[in-house]
Number of protein chains: 2
Amino acid sequence: MEEISLKTIANRLGISISTVSRALKNHPDIREETKKAVVQLAEELEYEPNHLAFQLLKRKSNAIGVIVPKISYPLYADAISGMEAVAEAEGYQLLICQSNEDYQKEIKQINSLIASRVSGIILSVSAHTTQYDHLLRIQSRNIPFVLFNRDCEQITCSKVLIDNHKAAFEAVRHLVSLGKQRIAFLGGPPHLQISQRREQGYRDALTWAGLVLNEELIQQVEFSKEVIMETISTLLNSPLPPDAILTYSDQIAQRALVMARQRGLRIPQDLALIGFNDEPVDELLEPSLSSIRQPAYEMGTEAARLIFKELNSAKFAYEKIILESRLMPRGSTMG
Amino acid sequence: MEEISLKTIANRLGISISTVSRALKNHPDIREETKKAVVQLAEELEYEPNHLAFQLLKRKSNAIGVIVPKISYPLYADAISGMEAVAEAEGYQLLICQSNEDYQKEIKQINSLIASRVSGIILSVSAHTTQYDHLLRIQSRNIPFVLFNRDCEQITCSKVLIDNHKAAFEAVRHLVSLGKQRIAFLGGPPHLQISQRREQGYRDALTWAGLVLNEELIQQVEFSKEVIMETISTLLNSPLPPDAILTYSDQIAQRALVMARQRGLRIPQDLALIGFNDEPVDELLEPSLSSIRQPAYEMGTEAARLIFKELNSAKFAYEKIILESRLMPRGSTMG
DNA sequence: AACGTTTTCGCAAACCTTTGCAGGAAAATC
DNA sequence: GATTTTCCTGCAAAGGTTTGCGAAAACGTT
């Protein structure tokens with residue numbers, strides 16, 4: 001009924017708490033006979049050591065804090081999956097929070113994680129985070145800290161990213177090689193640096209290809225479904241519509257694909273499409289959607305690994321891991 | 001540099017720890033002047049209360065343990081999202097584990113959560129869990145415990161489910177109303193009771209409609225993509241192929257849709273399809289996929305709410321919440 | 001000045017574990 | 001029989017917080 005502690009076992013056996021503790025740890029100082037009795041009673045009572053007390057003693061919890069914009073974005077779900085695998089192997093657990101793209105909530109959650117004395121924090125900044133004092137506070141407390149996917153140039157810390165500039169550049173190059181001339185870019189939330197870098201990659205690729213840079217073909221969308229549809233609509237209705245679109249996310253590209261289909265546009269002849277993230281369903285669409293694959297699960301494992309690396313080495317240099325992304329050409333570009 | 005505790009503040013101010021504690025809690029016993037000094041110094045030193053110590057004192061952590069088969073299944077990602085929202089409002093955090101459909105891992109994680117003294121556990125059993133002693137152990141410790149989505153009849157506890165029998169029944173009724181005669185069922189992992197119940201709903205609906213029950217049209221698939229494709233292939237290649245398929249998950253139905261399309265079958269005339277889960281992409285497929293919507297996010301919020309309800313009331317009766325599922329008829333059944 | 005009341009604060013216990021050190025008892029050695 | 005050695009076990013501190021209770025100080029009243 002009540003909580004079983006070392007004390008419970010000690011009292012029942014008429015020995016001291018420290019003996020019980022050592023017996024359970026198979027300490028050589030303890031007589032075999034005593035050990036046996038202790039272990040048996042512990043099993044009988046279903047004793048589980050109290051992590052809380054241990055953590056208090058060690059002044060840190062065996063938990064890694066994770067803050068992502070939204071757990072249900074497939075990329076983050078996969079990344080968390082990867083972190084969980086590494087953490088589990090190290091005997092750690094994950095404390096997972098979602099910022100819901102809200103800057104204030106991000107701050108609150110960081111404070112909460114600090115109060116919980118997590119051993120490390122892994123974070124992808126929200127779309128509305130423009131100040132970074134709260135991130136500096138993590139570092140000033142010497143808590144191992146890793147940024148992944150959504151970077152933040154102003155902060156110097158370990159990072160796990162892909163080369164967004166290069167990924168966008170190559171996507172555009174692919175479109176150019178197919179003879180596309182009026183290539184549009186549907187970017188994500190403007191404050192997100194990964195969105196900015198993808199846009200820059202897009203711009204640089206156009207310049208590289210000697211194509212005209214048309215600002216009307218560059219749009220930014222937030223996450224709402226309605227805004228996305230409206231922006232796509234405007235773009236397709238313009239007097240000189242694009243013949244190809246590169247988007248910030250698959251969510252946008254998938255929607256564009258359906259809307260283009262409904263308008264009777266031939267894909268990819270009239271309009272080619274490339275998305276970002278390579279969600280599993282991309283290959284099920286008609287036509288299947290070309291997309292840039294990001295190693296989401298691996299991002300998670302690498303981020304977690306960096307935390308433990310920092311945790312286990314006295315002096316530690318920040319590490320920046322750039323994982324390979326890969327364009328997956330499919331029906332929406334290759335006819 | 002070093003850890004800031006109540007003691008640090010107390011020493012600096014030459015007062016006792018308990019006074020500092022009370023001052024920060026705005027206890028009426030403390031003089032305004034003292035409070036002001038304490039609060040100011042606390043802010044200056046960026047004091048964050050140590051949750052670990054508090055939790056040890058209260059003999060429980062402010063965390064809810066969550067075990068799901070896989071975080072990256074959209075249904076679980078959404079459900080976790082819902083739990084997180086409720087937990088956050090209550091000042092709690094989520095400890096998230098994934099069993100990866102592994103029975104042994106599920107046991108290990110439950111023990112680990114118990115050792116962490118979580119305030120409650122929310123669980124969806126793995127596909128390979130056939131014994132339930134580990135779940136009983138949770139209850140014998142009086143830890144609030146909620147099962148969601150994947151039920152387990154042998155355990156009496158609070159639950160958040162949908163009526164899987166009814167959902168499958170109505171899906172079949174829909175297919176029958178379209179004139180379908182040879183309706184197949186592609187079930188999930190055989191040990192999962194939700195899979196069994198969906199199958200039973202399917203069977204009962206056929207009987208109700210006066211249709212022949214053909215065991216060859218009932219197949220079970222595990223989660224691997226290859227097995228799914230092979231099973232679908234066999235089904236479509238049989239001498240008397242089905243004219244409709246109800247599947248355990250959207251993942252299966254989506255794949256069936258693509259394979260049928262590739263074979264030149266007309267959907268829904270030659271083959272109608274209904275999936276389970278109503279994933280967002282269903283409406284983007286060609287034709288769009290009919291599916292049974294499950295309120296995943298709401299399952300999460302309700303499950304979390306039940307934990308807190310149990311946590312906050314001395315005597316508590318188990319509660320079983322059946323949420324409404326809803327058939328979303330689309331192109332794969334409605335031409 | 002004596003007493004009562006209120007205001008303000010500190011002591012100490014409790015939560016559970018780990019671990020350095022000391023100490024007791026038995027065994028071994030001289 | 002005395003001393004050393006070996007083996008086993010217990011004491012106590014530490015980690016940070018909350019809180020009941022007691023006590024000191026300040027104030028008010030007669």
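- Put simply, the side chain of A/Leu311 reaches to within 4.5 Å of the side chain of A/Tyr92, judged on heavy atoms.
- Among the heavy atoms of the strands lying under 4.0 Å from B/Ile30 are primed sugar atoms or P, OP1, OP2 only; no base atom is included.
- In this structure, A/Ile15 atom CD1 and C/dG24 atom C1' are separated by 16 Å, rounded to whole Å.
- No option in B/Asn312, B/Ile143, B/Val66, B/Ile122 other than B/Ile122 meets the side chain to side chain contact (heavy atoms under 4.5 Å, CB included) test with B/Ile307.
- Distance A/Gln55 CD to C/dT18 P: 12 Å, rounded to the nearest Å.
- For A/Lys7, counting side-chain heavy atoms from C-beta on, the closest listed nucleotide (C/dC15, C/dT18, C/dG10) is C/dC15.
- Contact footprint of chain A on DNA chain D: nucleotides with an atom under 4.0 Å from a non-hydrogen protein atom, first to last in 5' to 3' order, D/dC8 to D/dG16.
- For the pair B/Ile17 and A/Asp29, both in contact range of DNA chain C, the more 5′-proximal nearest nucleotide belongs to B/Ile17.
- Distance B/Arg59 CZ to C/dT17 P: 12 Å, rounded to the nearest Å.
- Taking NZ of A/Lys35 as the start and CG of A/Leu24 as the end, the distance is 10.5 Å to the nearest 0.5 Å.
- No engagement by B/Leu52 is indicated, since no non-hydrogen atom pair under 4.0 Å with the nucleic acid exists.
- For the atom pair CG (A/Leu192) and NE2 (A/His128), the distance works out to 8.5 Å, reported to the nearest 0.5 Å.
- If you measure from atom NZ of A/Lys25 to atom C1' of C/dC16, you get 12 Å, rounded to the nearest angstrom.
- Residues B/Arg31 and A/Asn50 each lie close to DNA chain C; by heavy-atom proximity, the contact nearer the 5' end of the strand is made by B/Arg31.
- Look at NE2 on A/His27: it is 12 Å from P on C/dT18, rounded to the nearest Å.
- Side-chain contact between A/Phe148 and A/Leu161 is absent, with no heavy atoms from C-beta onward closer than 4.5 Å.
- Remark: B/Ile110 CD1 to A/Glu48 CD distance equals 11.0 Å, nearest 0.5 Å.
- For A/Pro28 and A/Ser18, each mapped to the nucleotide of DNA chain D holding its nearest heavy atom, the one lying further toward the 5' end belongs to A/Pro28.
- Checking B/Gln109 against B/Ser99 by side-chain atom types alone, no donor-acceptor pair falls below 3.5 Å.
- For C/dC16, the OP1/OP2 oxygens have no side-chain nitrogen or oxygen of B/Lys58 closer than 4.0 Å.
- The separation between A/Ile4 atom CD1 and C/dC16 atom P is 10 Å, rounded to whole Å.
- Not one side-chain nitrogen or oxygen of B/Thr19 sits closer than 4.0 Å to the OP1 or OP2 atom of C/dC9.
- Here C/dC16 presents its C1' atom at 16 Å from CZ of B/Phe54, a figure rounded to the nearest Å.
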